[in-house]
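Down below is the structure, laid out as structure tokens.
The figures here come from the full heavy-atom set of this structure, side chains too, leaving out hydrogens, waters and symmetry mates. Residue numbers begin at 1 in each chain, while the letters A, B, ... track the order of the sequences.
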Amino acid sequence: MSILDFFRSRRQDTSTASMAKERLQIIVAHERSHRGQPDYLPQLHKELLAVIRKYVAIDDKQVQVALENQGTCSILELNIVLPER
Amino acid sequence: MGKILVVTSGKGGVGKTTTSAAIGTGLAQRGHRTVLVDFDVGLRNLDLIMGCERRVVYDFINVIHGEATLNQALIKDKRLENLYVLAASQTRDKDALTQEGVERVINELREQFDYVVCDSPAGIEKGAHLAMYFADEAIVVTNPEVSSVRDSDRMLGLLASKSRRAEENGEPIREHLLLTRYHPERVIKGEMLSVGDVEEILSIKLLGVIPESQAVLKASNLGVPVILDSESDAGQAYGDAVERLLGGEVPHRFLEVQKKGFLNRLFGAKA
């Protein structure tokens with residue numbers, strides 16, 4: 001390691017490794033939240049979106065579909081944000 | 001009853017076969033009857049890394065199809081008394097591995113051996129699925145690099161949901177992280193994820209860190225598992241990992257840059 005590298009290594013927060021870590025933490029958390037959910041959920045999401053769009057103009061992010069397991073039953077949670085009129 | 005140990009990763013080229021060969025050999029060195037099973041049907045390589053490629057007569061698929069007995073297909077290692085290899089087939093038939101067939105062979109191996117080390121193919125297709133399905137313990141081989149870490153996390157999800165233990169609500173598979181191709185120099189420069197970073201993201205127990213080492217290529221050139229190169233850093237790191245796998249408390253080595261003198265540092269001399 002040369003003397004320049006020694007000073008460079010002080011700037012840990014802008015290192016490519018810390019960028020990698022940050023990106024991984026986000027994507028891994030996202031993928032874990034989708035883990036274990038049934039395979040039909042993405043399709044259900046798409047179709048729901050299509051139905052709602054027949055009546056209201058909304059974009060993808062305004063409909064959230066989540067399935068929560070609570071012991072013996074599962075709760076399908078739909079969160080639809082309608083645009084302001 | 002022997003233990004089923006799967007060496008898996010999701011991503012290819014991270015060192016699964018090198019690790020299977022090293023860990024299996026290490027277990028045999030320590031007196032455990034061990035068999036290495038190559039699940040990479042179509043692209044077998046474990047035989048080459050173990051140096052027994054010219055002695056493969058019958059393979060895993062032959063045994064599944066009843067064309068050979070298990071004892072005919074098991075290749076005895078020439079170096080160690082307790083070590084055997086079951087080679088994968090070169091067939092291009094993707095459906096050659098069946099769950100029933102694999103289960104039958106695994107059960108038979110379990111009777112004869114203390115450890116059945118399953119070398120998984122890359123990916124999450126059938127071969128990889130069957131390699132981990134019957135596992136009691138899993139070694140997740142990971143490189144300190146974004147795609148490998150992400151794939152390892154995916155693999156951990158599958159181990160927790162698609163294995164027999166998961167499907168039968170049994171005790172979860174014991175998971176171990178093995179970080180390979182580690183460059184302490186690059187970690188210090190902030191160019192590579194550190195052990196701590198990867199542990200934090202995957203949150204499973206660290207089995208060992210294998211430094212990037214010239215010994216690995218050299219060993220594969222010769223068909224000798226790198227753990228038998230006891231002079232090398234990678235060989236020693238694998239030795240430590242085997243000790244930990246068997247429950248030993250061994251401090252982690254090779255995480256730091258080899259110390260250099262002050263003048264070397266100043267003038268950036270290459271090691």
B/E167 atom CD, neighbour heavy-atom count above 12 within 6.0 Å: yes
Looking at chain A, which one of B/V146, B/D153, B/L158 has the largest number of heavy-atom pairs inside 4.5 Å, strictly under? B/D153
Can you name the one residue among B/K3, B/R165, B/R164 that meets side chain to side chain donor-acceptor pair (under 3.5 Å) with B/D136? B/R165
Charged N-O contact under 4.0 Å between B/D240 and B/R253: yes
Got a salt bridge between A/R53 and A/D59, using NZ or NE/NH1/NH2 to carboxylate O under 4.0 Å? no
With chain A, which of B/R154, B/R150, B/E200 has the greatest number of heavy-atom pairs at distances under 4.5 Å? B/R150
Where does B/R186 contact chain A at under 4.5 Å (heavy atoms): side chain, backbone, both or neither? neither
